[in-house]
Amino acid sequence: MNKTREIRDLLRRIAGTDKQVQTFFNAQVTEVGDDFCSVKYQELVLEDVHLGAVVDGGQNKLIVKPAIGSQVLIADLSEGTMRDLAVIAWSDVESITINGGSLGGLVNISALTDKLNQLVQVFNTHTHTVATTGTAAAQTGTAAPITSLASQFNASDYEDDKIKH
C-alpha cells in the first residue's frame with residue numbers, strides 16, 4: 001500500500017468516517033401525525049420521522065400517511081446520526097394529501113360516468129303530460145319529445161390518467 005493511501009485510511013479511521021453508514025433502513029409504523037410519524041426500528045422507537053423528504057412548511061407538497069403497523073423505508077438524511085429521518089416508501093398507505101387537500105377527494109371516474117349517463121338517459125326520454133283547454137272539450141296528451149338529444153359521457157374525455165387510485 002502506498003503512503004498516501006495509508007495516511008488517508010488512518011485519517012478516516014481517526015475521524016470515524018471509515019465505518020459504513022446505513023442511510024436507508026426498514027421500520028414499522030407505530031404512530032402517525034400530520035407531518036411526522038413514529039417508527040420502531042429494531043428495539044428503538046424513533047419519533048418525529050418526516051412524512052416527506054423535503055420539509056419547507058408550505059402547502060404545495062405531497063403527504064403520504066402510512067398505515068399504523070405497516071412497513072416503511074426510512075432515509076437517514078443526517079448520514080447515520082438518525083437526527084433527520086424521512087419516510088420514502090410504504091407497504092400500506094392510509095391516505096395521500098396533495099397541496100393541503102383543500103379540493104377534497106379524488107373522483108371515481110367510472111361511478112361518475114355511470115351517474116352522468118343515467119342523467120342523460122332520463123333527459124333524453126323525458127316527456128311532459130299536458131292538459132289543453134280552449135276548445136269545447138278538454139284535451140290531454142303528451143308534449144312532443146325533445147328534438148336534440150344529449151350525448152353520452154365518455155370518461156376518456158375528462159379523465160387524467162396520470163394519477164390513478
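L119 shares a hydrophobic cluster with no other residue; no ILVMFWY side chain has heavy atoms under 4.5 Å from its own. With side-chain heavy atoms closer than 4.5 Å counting as contact, directly or through intermediates, L10 stands alone and belongs to no larger hydrophobic cluster. In the hydrophobic clustering, L103 connects to no other residue, as no ILVMFWY side-chain heavy atoms lie under 4.5 Å from its own. Other cluster members for V122: none, since no ILVMFWY side-chain heavy atom sits under 4.5 Å from it.
Between the side chain of T30 and the backbone N or O of S38, at least one donor-acceptor pair lies under 3.5 Å.
How far CD of E94 is from CD1 of I96: 11.0 Å, rounded to the nearest 0.5 Å. The CG atom of D9 sits 8.0 Å away from atom CD of E6, with the distance rounded to the nearest 0.5 Å. Taking OG1 from T23 and CG from L85, the interatomic distance works out to 11.0 Å, rounded to the nearest 0.5 Å. Atom NE2 of H50 is separated from atom CZ of F36 by 5.0 Å, given to the nearest 0.5 angstrom.
Evaluated for a side-chain contact (heavy atoms from CB on, under 4.5 Å) with C37, the options I74, L51, I68 yield exactly one hit, L51.
In this view, D92 and A67, S70 satisfy the side chain to side chain contact (heavy atoms under 4.5 Å, CB included) rule, not counting sequence neighbours. In terms of the side chain to side chain contact (heavy atoms under 4.5 Å, CB included) criterion, residue partners of S95 (sequence neighbours excluded) are, by chain and number, K65. Applying the side chain to side chain donor-acceptor pair (under 3.5 Å) test to S78 and every residue at least two apart in sequence or in another chain returns D76, T81. For S156, the side chain to side chain donor-acceptor pair (under 3.5 Å) partners two or more places apart in sequence, or in a different chain, are N154. With sequence neighbours left out, the side chain to side chain contact (heavy atoms under 4.5 Å, CB included) criterion links A89 to L73. For the salt bridge (Lys or Arg N to Asp or Glu O under 4.0 Å) test, no residue two or more places apart in sequence or in another chain qualifies with D48. Take T113 and apply the side chain to side chain contact (heavy atoms under 4.5 Å, CB included) test, not counting sequence neighbours, and it matches I109, N117, F153, A155, Y158.
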